[in-house]
Amino acid sequence: DAKTTQPPSMDCAEGRAANLPCNHSTISGNEYVYWYRQIHSQGPQYIIHGLKNNETNEMASLIITEDRKSSTLILPHATLRDTAVYYCIVRDTGTASKLTFGTGTRLQVTL
Amino acid sequence: GAVVSQHPSWVICKSGTSVKIECRSLDFQATTMFWYRQFPKQSLMLMATSNEGSKATYEQGVEKDKFLINHASLTLSTLTVTSAHPEDSSFYICSAIHEKLFFGSGTQLSVL
């Protein structure tokens, strides 16, 4: 699996958009970009994933650059409950492919 | 989304005893499950891939005789930490594939 690079921490004011960047310059053509988050002492929670088109769901939006070497997860209106560690992961489309976690970004949402 | 249930959520045991952690896929069948461990303030580290009906595949550096994995059915995988020691104290998390990876809620193991 390709490696990813994320900033170790970010702050965001409640109600504002949180934009979390991720670099994955060695991503290959059959690898998706996945985003998970982990709230303290819980299992990771799936947020969103994409291959090359931008994606949006009820939780977030995912913007992938045209060359697919980086992406940005957008939480449009961050709340205190969005405080968590956010992991950007690239994963092969093979059904048994494992997820290899990097160090993630610790997002702190403040009042 | 799909639900992965992990039990127990926390366990305290004496050094030298064995502890079993269960991971169940509640509403789907999972031929493959993954086991991770996580130390405080660190990321998740993959320990092994559990395959239904066959032997697990362990990551480099993970002792297969210490961390026994059994995946006897399509909805259940178990991880047994044998002869646990204080350095095995950690947060253990399982996951299963159902189009994407879903995770259990984790098990906090404390070995005294």
Side-chain angles (χ1 to χ4, degrees), chain A residues 1-10 20 22 24 30-51 55-60 62 71 73 83-108, chain B residues 1-10 21 23-25 28-54 56-60 62 71 77 90-110:
Chain A
D1 290 344
K3 291 185 177 179
T4 61
T5 305
Q6 299 176 253
S9 63
M10 292 183 65
L20 291 85
C22 179
H24 31 79
N30 60 342
E31 288 182 315
Y32 280 75
V33 179
Y34 283 79
W35 283 83
Y36 283 79
R37 72 181 182 184
Q38 186 180 27
I39 296 170
H40 182 63
S41 298
Q42 297 182 26
Q45 176 191 22
Y46 167 81
I47 301 174
I48 199 168
H49 75 285
L51 184 63
E55 302 288 340
T56 295
N57 62 21
E58 65 278 4
M59 290 183 69
L62 173 61
S71 61
L73 177 74
T83 293
V85 178
Y86 288 76
Y87 294 100
C88 166
I89 305 159
V90 293
R91 174 176 176 248
D92 189 88
T93 53
T95 56
S97 294
K98 57 193 178 187
L99 282 181
T100 301
F101 285 78
T103 53
T105 296
R106 184 171 297 275
L107 175 68
Q108 180 68 52
Chain B
V3 177
V4 175
S5 175
Q6 189 171 340
H7 178 81
S9 55
W10 60 270
I21 302 170
C23 181
R24 295 180 185 273
S25 55
F28 65 98
Q29 294 182 331
T31 55
T32 303
M33 293 184 176
F34 302 98
W35 287 95
Y36 293 82
R37 67 187 295 181
Q38 185 177 33
F39 292 107
K41 299 189 184 298
Q42 295 187 21
S43 185
L44 284 77
M45 183 188 77
L46 180 66
M47 299 176 65
T49 302
S50 171
N51 303 298
E52 188 269 336
S54 65
T57 303
Y58 291 82
E59 295 298 304
Q60 189 173 10
V62 178
H71 195 154
S77 175
S90 187
F91 191 55
Y92 293 86
I93 310 168
C94 71
S95 66
I97 295 175
H98 185 61
E99 298 181 356
K100 44 189 175 283
L101 236 58
F102 292 92
F103 289 82
S105 55
T107 297
Q108 181 63 52
L109 170 64
S110 297

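The sequence lines fix the lettering, A, B, ..., with proteins before strands; numbering per chain opens at 1. What you see below is based on every heavy atom in this structure, not just the backbone, and it leaves out hydrogens, waters and symmetry mates. In this text the structure is predicted, and so the values were computed from the model without any measurement.
- Contacts between B:I93 and chain A at a heavy-atom distance below 4.5 Å involve the side chain alone, from C-beta outward.
- B:L46 touches chain A through its side chain: at least one heavy atom from C-beta onward sits under 4.5 Å away, while N, CA, C and O do not.
- A donor-acceptor contact shorter than 3.5 Å is absent between the side chain of A:Y87 and the backbone of B:S43.
- The distance from the CG atom of A:L99 to the CD1 atom of B:I97 is 8.0 Å, given to the nearest 0.5 Å.
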Given side-chain contact (heavy atoms from CB on, under 4.5 Å), test B:Q42 with A:T103 step by step and report yes or no. CA-CA 7 Å; B:Q42 295 187 21; A:T103 53; over 6 Å; no
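- Looking at B:E99, the atoms closer than 4.5 Å to chain A (heavy atoms on both sides) all sit in the backbone: N, CA, C or O.
- For A:Q38, the part lying near chain B is the side chain, with the backbone staying farther off; criterion is any non-hydrogen pair under 4.5 Å.
- Listed here is the closest heavy atom pair of B:K100 and A:R91: CA-NH1, 4.5 Å.
- Between A:Y36 and B:F103, the ring planes are perpendicular. Angles over 60° get that label, and only those under 30° would be called parallel.
- Listed here is the closest heavy atom pair of A:Q42 and B:F91: O-CE2, 3.7 Å.
- A distance of 13.0 Å separates CZ in A:F101 from CE in B:M45, rounded to the nearest 0.5 Å.
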